[in-house]
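Worksheet: one structure, shown below.
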Amino acid sequence: MKNFTITPMENGLENVQGFYCDAVNVGMRTNPANSGISDVDGDVAFIRSEIPCDIAAVFTSNTFQAAPIKHYQRYDRDFKTDFILINAKNANAMTGEKGIEDIETIMSELSKKHAVTNPVMSSTGVIGYRLPVEKITSAFDLLDFNAKNSHKTARAIMTTDSFKKELAYRIELEDGTHFNMAAICKGAGMINPAMATMLCFIITDADIPKTDMDALLREGAKNSFNRISVDGDTSTNDTAMLLANRQSGAYNKKAFGTALEKMMFELAMMILRDGEGANKLVTFEVKGAKNEEEAKKASMALSNSLLVKTALFGEDPNWGRIASTIGASGVECSEENLTIHYDDLLIYSDTFRELDRAREEQAYTIMKQEQFKVTCDLGIGEGSYTSYGCDLSYEYVKINAEYRT
C-alpha cells in the first residue's frame, strides 16, 4: 500500500534546504554552440551543502576515465563532502597525472576563498586538453557561494544540449513529514547504455543511510540512464552523483527509491528528446526471449543500431532492419517465431511477411509521431527487456563534425 506522495516542484536545486549553487562565465565558453547555449551562459559552476554530507556516485564504464573521476576515487570509500565544482568546455580526460594535479591546485585555491571539505570536481567538454587552471580559479572571486541559482547552474553544465534539464520533487510521507529531492543533468550526445553517459547531480535533504544511497543510485541508473542510447558512444567523464545532507530528518526507503527512479528516468527521457538532432523518442521492447539477458542484448542492439536509427529518421517502416539487427545480436531467435509491432500494428510475423498498402500507410502514420514503441516478440521464453533510443539525423553529423570549432 502506497504511503507517500510525490509532487513536482518548480525550478530545481534551490528547493532542497541547506544546498547552494551558482555559475559564472570565465571565458572558456566564448562562442555560441550549435545548440541553445550562448556566450552569456556560465562555464564554471558549483553545488555546495552548508554541512558535509554523504555522497554516492556511479561512473562511466569507459576504460579511460577522466581525471575528475580518478580524483574522486582517491578519497576514502565513505568520505563526506560539501562541495562539487563543475566546468564545461574541457573534459580533463586523457591528461594523465597532471590532470589530477590540476584539480588539486584548483581545490587548494578554492579553500583560500571558501572553507571546503573533501571537494570533488566534474568536467565536460573536449578530451585531451589540460584545464585552464587560472581561468577556473578566477571564478572563485565571482561566484556567490550563498546563491541558490539552479537555472544558471543547469545551463552552465550544458554542452551540445539544446535545453537545460532540472527537476525537483517534494515527497510527503504518511506520518506528515516530508523531504525534497532535486537534480540537474546534461547530455545529448555520446549517449550509450553503459553508465552513465552524462553528468547528473542529485541532491536531497532526506535522512537516508549511506548504504541505501549507494544501492538505490545503482538501481536507479540501471533502470534509466543505462537503458538509453543516442549514438552508441560512451564518454570518458560520465557521472551521476547523489548528495544527502539529511536536514529534513525524514526518510522512507520505498518513497525515496520510487522518487529517485522516477527522477532519473524523466531526466533520461529528456536526454533522449535532446539527442543531437533527434526528432523521435522510441521505446524498444524485446520479449519472449530465452532469458532477460538475451532480451537485454537484443533490445540494446536495436537502440544502438545506426541502420535502425536512420530508418526512424526517414520514417521508413522497414521491418527488415529490425529483424536483421536482432538476428545479428547473437541471441537465440528464429524468423518463424518472431513478431514485430509498431505500437499496436503488426508489421511482421511468420504468416505475414509483406506489408500491404493499407498497413504500410498505418506504419508511416505511426512513424511520423514524435514518440512510439517497437515491440519484438522472439516467441521462445519469458525474458523481457526495454531500452530507449532516438533517430539519427543530418544535424547529428553537423553538430559533431563541428564540435571543436
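These numbers were taken from a predicted model, which means no experiment stands behind them.
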Side chain to side chain contact (heavy atoms under 4.5 Å, CB included) assessment of Asn3 paired with Leu173: CA-CA 6 Å; Asn3 56 353; Leu173 305 180; over 6 Å; no
Test log, rule salt bridge (Lys or Arg N to Asp or Glu O under 4.0 Å), inputs Lys297 and Glu294: CA-CA 5 Å; Lys297 190 174 181 180; Glu294 293 246 308; 5.6 Å; no
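Between Glu266 and Lys262 there is a salt bridge, since a side-chain N of the basic residue sits under 4.0 Å from a carboxylate O of the acidic one. For the pair Asp214 and Arg218, the salt-bridge criterion is not met [side-chain N within less than 4.0 Å of a carboxylate O]. Between Lys253 and Asp212 there is a salt bridge, with a side-chain nitrogen of the basic residue lying less than 4.0 Å from a carboxylate oxygen of the acidic one. Ion pair Lys98/Glu101 flagged as a salt bridge, since at least one NZ, NE, NH1 or NH2 atom sits closer than 4.0 Å to an Asp/Glu carboxylate oxygen. At a threshold of 4.0 Å, the pair Arg246-Asp54 counts as salt-bridged, since one of the basic side-chain nitrogens sits closer than that to a carboxylate oxygen.
Aromatic pair Phe59/Tyr72: centroids less than 6.0 angstrom apart. Here the two rings, on Tyr20 and Phe145, have centers that are 6.0 Å apart or farther. For Tyr388 and Phe265, the ring centers are positioned less than 6.0 Å apart.
Under the 3.5 Å distance criterion, the side-chain polar atoms of Ser248 are matched with a main-chain donor or acceptor of Asp205. No side-chain donor-acceptor contact under 3.5 Å links Lys186 to the backbone of Lys164. Looking at Ser138, its side chain does come within 3.5 Å of a backbone N or O of Lys135 through a donor-acceptor pair. In this structure, the side chain of Asn15 does not engage the main chain of Ala168 through any donor-acceptor pair within 3.5 Å. Judged by distance alone, with hydrogens and angles left aside, the side-chain atoms of Ser224 form a donor-acceptor pair with the main-chain N or O of Gly220 at under 3.5 Å.
Under 3.5 Å, the side chains of Ser299 and Arg227 contain no donor-acceptor pair of N or O atoms. Using modelled atom types, one finds no donor on one side chain facing an acceptor on the other under 3.5 Å when comparing Thr117 with Lys80.
For the atom pair Asn245 CG and Ile203 CD1, the distance stands at 8.0 Å (nearest 0.5 Å).
Using a 4.5 Å heavy-atom threshold, the side chains of Phe83 and Leu110 count as touching.
The side-chain tip of Arg170 does not point at the ring of Phe179 from less than 6.0 angstrom away and within 45° of straight on.
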